Structures are given as C-alpha cells and as structure tokens.
> 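Let me give you the structure first, and then I'll get to my questions.
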Amino acid sequence: MGYPTESIAKGVPFNPLFTFECGQAFRWKRLSQTSEDWLGIILGNLVRVKGDSLRVLGRAEQDASRTDAFDLRKYFSLEHDLDQILSSLPKDPFLISAVKEYYGLRILRQDPWECIISFLCSINCNIPSIKLKIENLCRRFGTRIESGVMDGEYYSFPEANSLAGAEKRELLSCKLGFRWKYVRYVSKKVAKGELKLGSLSRSSYHTACDELISEASDKTLGVGPKVADCVCLFSLGMLEAFPIDIWMIRCLMSQYRDLIGFCSKKVPNQLPPRRYQKWAEIMRSHFGSSAGYAQQYLYMKMRNSWRVHSK
DNA sequence: TCCCAGGTCCTAC
DNA sequence: GTAGGACCTGGG
C-alpha cells in the first residue's frame with residue numbers, strides 16, 4: 001500500500017493504552033499485549049499506531065467522499081498542549097494522582113456521527129457489550145475495508161443513510177436491544193439533515209447540548225445529558241463538557257462530596273436531569289475550561305481503583 | 001440465578 | 001419536579 005508512515009506525536013505526550021481504553025472510543029484494538037501496537041478505523045481508514053508512528057493501511061472504497069475530512073492531527077487533538085491543560089487543573093490529591101498515573105491520555109476528536117451512535121449504544125451497557133454492538137453494526141451496515149496487509153475483516157462505520165433505512169429486526173440482530181429505536185431515530189434525523197452534527201462544533205457548548213438533547217423542542221430520542229456531553233467532549237472539541245456516568249457519580253460522592261453539597265450517604269446510580277446539570281456545572285466551575293480532561297483522568301482512576309478495591 | 005453496566009424514557013404522585 | 005421502574009443483553 002502506498003500510504004506513508006507518519007509520526008503521530010513526536011515530542012508530544014501520548015499514551016495509546018490510556019487514550020484508547022478510557023472509554024471514549026470503542027473500535028481500537030491492541031494487536032500485541034507486549035507492545036504499543038494498535039489498529040483503529042478513522043472515517044473508513046484503517047490505521048495502525050505503533051509506538052509513536054502511525055500508518056494508514058487501507059481505505060473503504062465507498063468512503064472516498066469522506067477522506068478529505070480525514071485529518072489525523074485533528075483526530076488525535078495534537079493541538080492540545082497536554083502539559084499546559086493538566087497544569088491548569090486544580091491541585092487536589094485525588095486528581096493529582098490520577099494525572100500522574102494516566103499521564104499521556106489524550107481526548108480524541110472523533111467523527112460526531114460515529115460518536116453519537118456509539119454513545120447511544122453505551123446506554124446501560126458495559127464496555128465489552130458496547131464494543132460488540134458497534135462491531136455488529138459495522139459488519140452489518142458498514143463497508144469492507146481492503147487492507148491487503150492485515151489478517152481479518154475490517155469495516156467502516158455505517159453511513160447515516162444505512163442506519164436510517166434499517167429495519168427493526170436488522171438492528172435487533174446487531175444486539176442493540178431497546179436502543180435500536182434511538183439509533184434509528186437519530187440516524188433519520190442526521191440523514192434528513194435535521195440534526196447537523198458537523199456544524200455543532202461552531203456552537204457554544206451549551207447551545208450544542210441543547211441542540212443535541214432537545215433538537216428544536218422536538219426531543220432527540222435517546223440523547224440525554226450524558227450522551228450529549230460525551231458527543232461534545234469526544235467529538236466536538238468542547239473540553240468544558242463533564243459527562244457524569246455511574247463512575248463519575250461514585251467519584252464525586254467519594255472525593256468531591258463537599259463540593260456537590262449532597263447529603264445523602266447512599267450513592268445514587270443515576271441523577272435526575274436537574275441534579276445532573278447542577279453537578280456538572282459545579283464541576284465545570286471547579287475544574288475550569290478543561291473540565292473534560294479532569295473527568296477522563298478521574299474516570300480512569302475511579303474505574304481501576306474500584307476494580308482493585310472490589311477484588 | 002442474580003446483579004450490573006460510560007442512561008433514558010415513561011408513569012404516577 | 002422527581003422518584004421508581006422498565007428496558008435488551010452479555011458477562012461476572
């Protein structure tokens with residue numbers, strides 16, 4: 001294949017393991033457990049990241065129209081000055097240890113379309129289960145990518161039109177469960193141009209959230225505050241977004257209880273919308289304009305320490 | 001067999 | 001406005 005090898009992040013802090021396994025993206029696969037060798041698919045391009053070098057191995061034929069938007073510097077958010085961002089965060093002990101432990105985690109700038117569908121798949125699911133659903137969708141509705149180099153089959157993420165036209169039983173066969181109607185509803189909105197994901201990045205964070213959640217007073221089925229925050233943070237470059245999931249609730253309850261001013265000792269497993277907004281706003285003003293970075297480091301710390309703790 | 005998972009929606013107060 | 005339950009399914 002005649003694609004050049006590029007250096008992804010020479011001199012830039014970048015840890016593929018933390019970046020790809022922190023639950024922001026679901027299609028990166030580690031090829032070797034002993035080295036940093038990863039395979040991912042970005043806008044129909046099969047991409048290999050090995051050490052700090054990056055190589056494009058193949059492209060999906062029918063995705064040619066989208067390759068102009070294929071910008072690896074943008075995808076890996078190389079314009080983010082990680083050291084500057086991390087040093088701008090408040091110095092509380094829990095966050096300091098999270099940053100120390102997971103240094104090199106970068107927030108990616110993914111395709112908003114893939115991002116919104118992925119996080120619809122994430123609703124009430126664990127990560128292996130999310131990956132399975134997305135993989136099923138790609139195999140069923142995506143386009144085969146010919147690499148000629150790698151073993152195995154690789155598929156692009158489906159186009160909005162494909163999912164918008166899918167039948168219920170087809171989506172259910174991808175193991176989407178009750179999420180099938182969310183996926184199809186949003187796909188139709190995007191396919192018809194009623195939800196313009198591309199232009200959202202030019203909006204303010206709050207405008208983008210409103211647009212994603214209420215979408216001109218017509219509720220966007222399946223997109224609540226958490227999914228909207230994930231889209232803002234992981235695909236629109238809005239670093240102030242602070243998604244609050246079950247792990248973040250546990251984190252806030254155990255580490256930032258005074259800040260959120262929540263009296264009950266019982267850790268809730270979900271937040272009513274108003275409380276979600278209140279807590280997210282408090283954390284935004286605490287962590288500042290890069291609150292999303294704090295959230296990701298805290299998320300990693302919380303998940304992994306919980307796992308160790310509960311063994 | 002039960003419980004849980006990167007939530008959201010609907011119903012009943 | 002908000003608490004409580006339902007929702008598909010795979011994995012522990």
Side-chain angles (χ1 to χ4, degrees), chain A residues 18-28 98 102 105 107-108 110 114-137 140 166 168-186 189 209-210 212-215 218-235 241-253 262-264 266-280 283 291-311:
Chain A
F18 301 153
T19 300
F20 297 146
E21 293 284 280
C22 67
Q24 60 174 324
F26 303 100
R27 297 197 74 199
W28 284 93
Y102 298 104
L105 187 165
I107 289 180
L108 299 171
Q110 304 174 62
E114 177 170 340
C115 192
I116 196 168
I117 297 299
S118 298
F119 281 95
L120 286 173
C121 290
S122 82
I123 294 175
N124 206 212
C125 270
N126 55 29
I127 288 179
S129 180
I130 300 166
K131 288 180 175 174
L132 177 71
K133 289 173 174 55
I134 294 171
E135 195 53 35
N136 288 341
L137 281 178
R140 175 65 188 78
K168 176 183 176 180
R169 59 177 170 78
E170 294 179 297
L171 295 170
L172 285 177
S173 75
C174 294
K175 307 294 180 191
L176 290 191
F178 62 84
R179 304 160 197 80
W180 77 269
K181 51 181 177 291
Y182 302 161
V183 166
R184 197 170 70 180
Y185 183 91
V186 170
K189 288 266 176 197
C209 267
D210 287 349
L212 284 166
I213 296 171
S214 57
E215 217 256 311
D218 174 16
K219 266 189 97 61
T220 310
L221 206 59
V223 181
K226 161 65 170 57
V227 172
D229 269 338
C230 288
V231 174
C232 287
L233 183 57
F234 303 135
S235 74
F242 191 89
I244 302 178
D245 63 339
I246 184 86
W247 292 100
M248 209 38 53
I249 293 175
R250 287 169 185 161
C251 175
L252 300 185
M253 288 291 286
F262 191 64
C263 300
S264 167
K266 190 177 179 297
V267 180
N269 51 19
Q270 55 185 310
L271 300 180
R274 282 188 164 273
R275 187 169 296 151
Y276 182 104
Q277 302 299 358
K278 186 184 163 204
W279 288 17
M283 300 323 289
Y293 262 100
Q295 191 272 2
Q296 277 302 277
Y297 280 81
L298 292 174
Y299 173 78
M300 284 292 269
K301 171 91 180 158
M302 203 62 205
R303 270 195 64 172
N304 293 331
S305 60
W306 195 279
R307 231 179 257 156
V308 172
H309 185 69
S310 58
K311 266 182 188 165

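Chain naming here is simple, since letters A, B, ... match the order of the sequence lines and numbering starts at 1 in each. All figures in this text were calculated on a predicted structure; none of them were measured in a lab. Side-chain atoms are counted along with the backbone in the values below, which use heavy atoms only and exclude waters and symmetry mates.
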> Please identify each residue that fulfils side chain to side chain donor-acceptor pair (under 3.5 Å) with A/Lys175, with sequence neighbours left out.
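Listed in chain order: nothing, the list is empty.
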
> Can you name the ring-ring contact (aromatic ring centres under 6.0 Å, His included) partners of A/Tyr276, sequence neighbours left out?
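A/Tyr276: no ring-ring contact (aromatic ring centres under 6.0 Å, His included) contacts found.
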
> Does A/Arg250 have any side chain to side chain donor-acceptor pair (under 3.5 Å) partners at least two apart in sequence or in another chain, and if so, which?
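By the side chain to side chain donor-acceptor pair (under 3.5 Å) rule, A/Arg250 matches no residue at all.
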
> Which residues satisfy the side chain to side chain donor-acceptor pair (under 3.5 Å) test with A/Lys226, sequence neighbours excluded?
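Testing A/Lys226 for side chain to side chain donor-acceptor pair (under 3.5 Å), a comparison that skips the adjacent residues, returns none.
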
> Tell me, what's DNA chain C's dot-bracket, Watson-Crick or G-U with both distances under 3.5 Å, | for other-strand, [ ] crossing?
|||||||.||||

> Heavy atoms under 4.0 Å, any strand shown: does A/Pro128 hit a base, just sugar-phosphate, or nothing?
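It contacts nothing in the nucleic acid.
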
> Can A/Trp247 be classed as stacking with the base of B/dG6, given a centroid separation cut-off of 5.5 Å and a plane angle cut-off of 30°?
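According to the criterion (under 5.5 Å, under 30°), no, A/Trp247 does not stack.
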
> Taking only side-chain nitrogens and oxygens of A/Arg303, does any of them come within less than 4.0 Å of OP1 or OP2 of B/dC4?
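No, because none of the side-chain N or O atoms of A/Arg303 sits under 4.0 Å from OP1 or OP2 of B/dC4.
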
> Sequence neighbours left out, what passes side chain to side chain contact (heavy atoms under 4.5 Å, CB included) with A/Lys181? Give chain and number order.
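Listed in chain order: A/Phe178.
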
> With sequence neighbours excluded, what pairs up with A/Tyr297 under the ring-ring contact (aromatic ring centres under 6.0 Å, His included) test?
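ring-ring contact (aromatic ring centres under 6.0 Å, His included) check on A/Tyr297 returns nothing, list empty.
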
> Going by the rule ring-ring contact (aromatic ring centres under 6.0 Å, His included), which residues pair with A/Phe20 if we only count those two or more places apart in sequence or in a different chain?
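With neighbours one apart ignored, the set is A/Trp28, A/Trp38.
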
> Is it the case that the side chain of A/Gln295 and the backbone of A/Ile244 share a donor-acceptor pair, with hydrogens and angles ignored and the cut-off at 3.5 Å?
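Looks like no, no N/O pair under 3.5 Å.
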
> For chain A and DNA chain C, what are the first and last nucleotides along the strand, 5' to 3', with at least one atom under 4.0 angstrom from a heavy atom of the protein chain?
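So the contact region on DNA chain C extends C/dG1 to C/dG10.
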
> Could you work out, with side chain to side chain donor-acceptor pair (under 3.5 Å) as the rule, every residue matching A/Glu135, not counting sequence neighbours?
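Applying side chain to side chain donor-acceptor pair (under 3.5 Å) to A/Glu135 gives none.
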
> I'd like to know if the side chain of A/Tyr299 reaches the main chain of A/Met248, judged simply by a donor and an acceptor atom lying under 3.5 Å from each other, with no hydrogens or angles considered.
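No; zero donor-acceptor contacts below 3.5 Å.
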
> Could you list, one pair per line, each protein nitrogen or oxygen that sits under 3.5 Å from a nitrogen or oxygen of nucleotides 11-13 of chain B, together with the distance?
none

> At a heavy-atom distance below 4.0 Å, what parts of residues 177-184 of chain A sit against DNA chain B?
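Nucleic-acid contacts, sorted: A/Phe178, A/Tyr182.
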
